[in-house]
Amino acid sequence: MVVKQQLEMAIRHYLQNTLPEGAALPEIHLSRPKQQGHGDYACNVAMQLARVLRKSPQVIAQQLVAGVDWPAVVAKAEVAGPGFLNIFLQQAAEAAVLGRAVMQGADYGRVALRDDLPRVNLEFVSANPTGPMHVGHCRGACVGDALGNVLISQGYRLQREYYINDAGAQIGVLAESVWLRMRELNGATIDFPDGCYPGEYVVGIAQGILLEHPFAVLDALDATVRQQLIAPLAVAANMAMIRGDLAALNITFDHYFSESALHDAGSVARLIAQLQHDGWVYRGTLPPPKGKEVVDYQPVEQLLFRTTKCGDEVDRPLEKQDGTPTYFAADIAYHRDKFDRGFGRQIDIWGADHGGYVARVQAAVQAVTDLVGQPEVMLVQMVNLLRNGTPVKMSKRAGTFVTLREVVDEVGADAVRFNFLTRRVESQLDFDLEAAKKQSEENPVYYVQYAHARCAAILRKADEAGLLLLPPEAVDLALLGAPEEQRLVTMMLAYPEMLATAAERLEPYRVATWLMAFAAALHRFYHKQRVMVDDAEVSQARLLLVRAVKQVLSNGLAMLGVRAPERM
RNA sequence: GCGCCUGUAGCUCAACUGGAUAGAGCAACGGCCUUCUAAGCCGUAGGCUACAGGUUCGAUUCCUGUCAGGCGCACCA
């Protein structure tokens, strides 16, 4: 059992036996004090109880110190400040974490697979297959991949999924764009209409398809037939490109799910029929949207879903004016499909521009699966791409958007990932290309990686010196008494707790900020204490410390998908 | 007009769901390499946490209002 839980239980046990009848047991919250002098854990329960017991928090805390049956790992507990209970652990008991980290290796901080948890479907990126990924997708990609790692580390069975929006009008536009490029390649002069995809990659796709399907053959086809031929080929080409872009970021998915397959299988139509049967839909007319001028608004009777019954503002259409299903209808079927595939928990990572979409999807999913609050939607705020402090204007139409690939090539996958993972998703952030390049050698990511390389260098040095590393149990941990050493030990103890918190709150950025603090602790230790000294026992103790630190750095970086280099 | 997110050092961001002296990285200034990696360390400077109220032992955190920025507001995806 984790120390934190032992402490919690000990305190709860005491309170249960001593609190007067009817007094509610407060939540026992143990925190890691920022100040080293405040012990390994702090508890504020005395202050919470002050009002109920009509006693000063200091007095209550004092009673806790004396009365609680503290676990053996506790060295002492004392009252501090306004009534904090500061708990200090046995130094040797704490330092046992070093052996665990070294022995468990990559598994340190991880939890075994838990069958009691719902299976998780994590959907992210899902960029439209109409072109290469642009930098806007990058943040969601990094966050999603890291979150997947974090959840898996805490025992979740998780699948990473990419939803391919390969249905709808945009695909027709894509096919038409490819066809125009084909005609251009064939010698025609084309005036490209506004809605088309102008990017250079469309030419490549056109060329690729022409290799298999000669122009004359395509030209002879009926326009609709031709489009049906070109569209899937163009989508496939774009998806190959997108997979390549993701691979450049070291991101892979377990499953790619096709929207058109959903339509082809009749899932959408079946869902609508089912909803009609269950009384969730009706024919009605929506009022014009408020606050925004809709020039072409016409009151039209549509098939509407009663999302208002589950907390949405207005009911939402399932069919367009022409009778074909809306994207929303397909999306309900999609989330229903995830449920049918056995995912009791669905997490979607969307861009902030989809914020208005959350309520209706959650309402609909609740209606068709009885899962309340699903999908859990993480809204990732926008990234402002800057170059030398000025915004980079991005327009798909003008073909001026910056691709993910360009950014990765410029800045490097490790730096890109770390950069996007040090911030909470709720905060919009600026990403300056020039700054990222210029600072590429002073980036936080290198600070952490350097700490790892430094540990590796020390261990190499020890190896070259012919030093035989003792097994952890043979090392005298009491020799690690310096503040810098204890700081490292404390942080390693906190690592599993940090991971658990990151998973619980869906906040992978915690790993990155923790790593920066941990790396700082290592660098400080390095400058203060020499590892290999004349005293062989001290050397062994510090080498064990370095081995453990290197391992935990490596584990943390792995969570973020960032390399842990042996040399820099 | 309504909804969601945000406002913290010159810049980019943290602060462990309400805790103790608000911290890192860049940028600035001053020190530290003939011993394990100077992509590092130590020090200095930099803050009315947008503003005004409220809740309580205690507020960057929770509530209300104001201001500022971002995103969204049928039949696109």
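Each chain gets a letter, A, B and so on, in the order its sequence line appears, and its residues count up from 1.
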Kindly say if [X] contacts the phosphate of [N], meaning a side-chain N or O under 4.0 Å from OP1 or OP2.
X	N	answer
Y357(A)	rC71(B)	no
Y450(A)	rA39(B)	yes
Y526(A)	rC32(B)	no

Classify [X] by what it touches in the nucleic acid, base, sugar-phosphate, or nothing, heavy-atom distance under 4.0 Å.
X	answer
R524(A)	sugar-phosphate
Q58(A)	nothing
H38(A)	base
A50(A)	nothing
A42(A)	base
E566(A)	base
L459(A)	nothing
N86(A)	base
F328(A)	nothing
H354(A)	base
V300(A)	nothing
Q449(A)	nothing
M516(A)	nothing

Checking [Y] against [X]: is there a side-chain donor and acceptor pair closer than 3.5 Å?
X	Y	answer
T130(A)	N128(A)	no
D414(A)	Q449(A)	yes
D348(A)	H335(A)	yes
Q428(A)	N384(A)	no
Y282(A)	Q302(A)	no

Out of [options], which has the shortest distance to the side chain of [X]?
X	options	result
Y447(A)	rC41(B), rA39(B), rA74(B)	rC41(B)
P317(A)	rA74(B), rC41(B), rC71(B)	rA74(B)
F84(A)	rU37(B), rG19(B), rA77(B)	rG19(B)
M532(A)	rG40(B), rC36(B), rU12(B)	rC36(B)
Y446(A)	rA39(B), rC75(B), rC36(B)	rA39(B)
R32(A)	rC41(B), rA77(B), rC16(B)	rC16(B)
M382(A)	rA74(B), rU37(B), rG70(B)	rG70(B)
R510(A)	rA15(B), rU37(B), rG40(B)	rA15(B)

Given the [atom1] atoms of [N] and [M], what is the spacing between them in whole Å?
N	M	atom1	answer
rG40(B)	rC4(B)	C1'	43 Å
rC42(B)	rC5(B)	C1'	40 Å
rC73(B)	rA15(B)	C1'	35 Å
rU66(B)	rC75(B)	C1'	38 Å
rC26(B)	rC41(B)	P	8 Å
rC13(B)	rA52(B)	C1'	27 Å

Distance, rounded to the nearest Å, where [X] contributes [atom1] and [N] contributes [atom2]:
X	N	atom1	atom2	result
M378(A)	rC71(B)	CE	P	20 Å
R505(A)	rA15(B)	CZ	C1'	12 Å
R563(A)	rA39(B)	CZ	C1'	14 Å
R454(A)	rC36(B)	CZ	C1'	9 Å
D432(A)	rA27(B)	CG	P	14 Å
H29(A)	rC16(B)	NE2	C1'	7 Å
F518(A)	rG25(B)	CZ	C1'	19 Å
F525(A)	rG40(B)	CZ	P	18 Å

Mind telling me if rC73(B) is syn or anti? Syn here is a glycosidic angle within 90° of 0. anti
Each base of RNA chain B marked ( ) or [ ] if paired in-strand (Watson-Crick or G-U under 3.5 Å), | if paired to another strand and . if unpaired gives (((((((..((((.....[...)))).(((((.......))))).....(((((..]....))))))))))))....
Are the charged groups of D331(A) and R336(A) less than 4.0 angstrom apart, N to O? no
Test item: P132(A) and I242(A) side chains (from C-beta on) under 4.5 Å apart, heavy atoms: no
Side-chain heavy-atom pair I332(A), F305(A) within 4.5 angstrom cut-off: yes
Using a 4.0 Å cut-off on protein heavy atoms (strictly under), produce a 5'-to-3' string for nucleotides 3-11 of chain B with B for base contact, S for backbone-only sugar-phosphate contact, and - for none. S-SS-----
Given E484(A), which partner from the list K528(A), R524(A), Q529(A) fulfils the side chain to side chain donor-acceptor pair (under 3.5 Å) test? Q529(A)
Checking side chain to side chain donor-acceptor pair (under 3.5 Å) for the pair Y327(A)/N165(A): CA distance, chi angles, key distance, verdict? CA-CA 9 Å; Y327(A) 178 82; N165(A) 296 129; 3.2 Å; yes
Taking S267(A) for its side chain and H263(A) for its backbone only, find out whether a donor-acceptor pair lies under 3.5 Å. no
With a 6.0 Å cut-off on ring centres, are Y509(A) and F420(A) close enough? no
Quick check: Y334(A) with Y163(A) (ring centres under 6.0 Å apart)? yes
Under-3.5 Å N/O pairs linking protein and nucleotides 56-62 of chain B:
residue, atom, partner, partner atom, Å
rC57(B), OP2, R51(A), NH2, 3.1

Applying side chain to side chain contact (heavy atoms under 4.5 Å, CB included) to L560(A) and L515(A), what does each step give before you reach the verdict? CA-CA 10 Å; L560(A) 305 182; L515(A) 277 171; 3.8 Å; yes
Which is it for L174(A) and Q170(A) under the side chain to side chain contact (heavy atoms under 4.5 Å, CB included) test, yes or no, and what are the steps along the way? CA-CA 6 Å; L174(A) 173 67; Q170(A) 49 173 352; over 6 Å; no
Aromatic ring pairing F328(A)/Y357(A), orientation class (parallel under 30°, perpendicular over 60°, tilted between): perpendicular
